Amino acid sequence: MEKLAKDISQIIISEVKNLNEKVKGLNFLELLKVNILEKLSEMVIKQNFPSENLLKYENEIKQDSRNIKISINYFINSLTETKRTISNDSLFISFNENSNLDIYINEKKFTSILLYKNTGISLPKDTIINSKYYKNLLLIEIINKEKEE
């Protein structure tokens, strides 16, 4: 599993380097998502899932105008997070299983989004979410920490 995480991280890093420096914020994350989804899907399909090994892997890349944090998690059991505030623009990609995100519109009202396996969603900073991650889910979270101009 550790090798898989490192391979995924290397693909993401290489695609980040290929994207134009002028593309920023959510547009950057959406372009990155399109460029990596197919490559990562092929890699994940070749793995033996479900696995009995929990995975928590993080890698931070600081280069030129980019500051990216890659977080790769494999959940053996389901996990629920409530009212989490996203501090930076973030991309969530779900493999093997679905996940469910509730995106708050205001204090009490939210929209529920089902994130199907092998898909992703980009969310802007300061978004408040509830998340339900199902067991045997491989979740990749890419956080875009924009450098101040």
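Being a predicted model, the structure only gives us computed values, none of them experimental. Residue numbers count from 1 along this sequence.
We find the OG-NZ distance between Ser65 and Lys24 to be 3.5 Å, quoted to the nearest 0.5 Å. For the atom pair Leu37 CG and Glu15 CD, the distance stands at 11.0 Å (nearest 0.5 Å). In this structure, the separation between CG on Asn67 and NZ on Lys62 is 5.5 Å, given to the nearest 0.5 Å. A distance of 9.5 Å separates CD in Glu141 from CG in Leu123, rounded to the nearest 0.5 Å.
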Set out, in order, the CA-CA distance, both residues' side-chain angles and the distance that settles side chain to side chain donor-acceptor pair (under 3.5 Å) for Ser112 and Asn100, then state yes or no.
CA-CA 7 Å; Ser112 190; Asn100 195 350; 3.2 Å; yes
Asn96/Tyr74 under side chain to side chain donor-acceptor pair (under 3.5 Å): CA gap, chis, key distance, verdict:
CA-CA 10 Å; Asn96 299 335; Tyr74 178 74; 5.4 Å; no
Run Lys132 and Glu97 through salt bridge (Lys or Arg N to Asp or Glu O under 4.0 Å) and show every step you take.
CA-CA 11 Å; Lys132 177 157 175 71; Glu97 290 295 331; over 6 Å; no
Test side-chain contact (heavy atoms from CB on, under 4.5 Å) applied to Ile93 and Phe95, step by step:
CA-CA 7 Å; Ile93 301 176; Phe95 290 102; 3.3 Å; yes
Step-by-step side-chain contact (heavy atoms from CB on, under 4.5 Å) determination, Lys6 to Gln10:
CA-CA 6 Å; Lys6 287 180 181 175; Gln10 286 306 311; 5.6 Å; no
Using the rule given for side-chain contact (heavy atoms from CB on, under 4.5 Å), can you reason through Lys135 versus Phe75, listing the C-alpha separation, both sets of side-chain angles and the distance that settles it, and then say yes or no?
CA-CA 5 Å; Lys135 70 180 190 171; Phe75 301 103; 5.9 Å; no
Apply side-chain contact (heavy atoms from CB on, under 4.5 Å) to Asn144 and Asn88, showing your working.
CA-CA 6 Å; Asn144 185 20; Asn88 296 92; 5.9 Å; no
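Put simply, Leu19 and Ile140 are part of the same group of oily side chains (I, L, V, M, F, W, Y) that touch within less than 4.5 Å, one to the next. Both Ile61 and Val16 are part of a single hydrophobic cluster, where members link through side-chain heavy atoms under 4.5 Å apart. Linking ILVMFWY side-chain heavy atoms closer than 4.5 Å, directly or via other members, places Leu32 and Leu139 in two distinct hydrophobic clusters. Using a 4.5 Å cut-off between side-chain heavy atoms of Ile, Leu, Val, Met, Phe, Trp and Tyr, with links allowed through other members, Ile70 and Leu91 fall into the same hydrophobic cluster. Under the 4.5 Å side-chain heavy-atom criterion for ILVMFWY residues, a single connected hydrophobic cluster contains both Ile76 and Leu55.
At distances below 3.5 Å, not a single donor-acceptor pair connects side-chain atoms of Ser41 with backbone N or O atoms of Lys39. Remark: side-chain polar atoms of Asp89 are paired, donor with acceptor, to backbone N or O of Lys125 under 3.5 angstrom. Counting only distance, with no hydrogens or angles, the side chain of Lys108 and the backbone of Ile105 share no donor-acceptor pair below 3.5 Å. Using a distance-only test at 3.5 Å, with no hydrogens or angles considered, no donor-acceptor pair links the side chain of Ser9 to the main chain of Ala5. A donor-acceptor distance shorter than 3.5 angstrom exists from the side chain of Asn98 to the backbone of Lys117, with no hydrogens or angles considered.
Shown here for Ser122 and Leu29, the closest heavy-atom pair between the two residues is OG-CB, 3.6 Å. Nearest heavy-atom pair across Ile121 and Lys33 is N-CD, 4.3 Å.
Side-chain contact between Ile13 and Asn59 is present, with heavy atoms from C-beta onward closer than 4.5 Å. Considering only heavy atoms from C-beta on, Asn35 stays 4.5 Å or farther from Asn18 through its side chain. Within the 4.5 Å cutoff, the side chain of Leu138 has heavy atoms near those of the Ile8 side chain. Within the 4.5 Å cutoff, side-chain heavy atoms of Val23 are placed close to those of Leu31. Side-chain contact check for Ile129 versus Ile86: some heavy-atom pair is nearer than 4.5 Å. Contact check for Ile113 versus Ile103: side-chain heavy atoms found under the 4.5 Å cut-off. With contacts defined as side-chain heavy-atom distances shorter than 4.5 Å, the pair Ile142/Ile68 qualifies. Counting heavy atoms from C-beta on, the side chains of Asn77 and Tyr134 never come closer than 4.5 Å.
A salt bridge links Lys69 with Glu58; the closest basic N to acidic carboxylate O contact falls under 4.0 Å. Electrostatic pairing of Glu60 and Arg66 does not count as a salt bridge here, judged by no charged N lying under 4.0 Å from a carboxylate O.
In this structure, Lys83 satisfies the cation-pi test against Tyr104, with its NZ or CZ atom closer than 6.0 Å to the six-membered ring centre and inside 45 degrees of the ring normal.
Applying the side chain to side chain contact (heavy atoms under 4.5 Å, CB included) rule to Ser99 yields the partners Ser94, Leu115, Tyr133, Leu137; only residues at least two apart in sequence or on another chain are considered.
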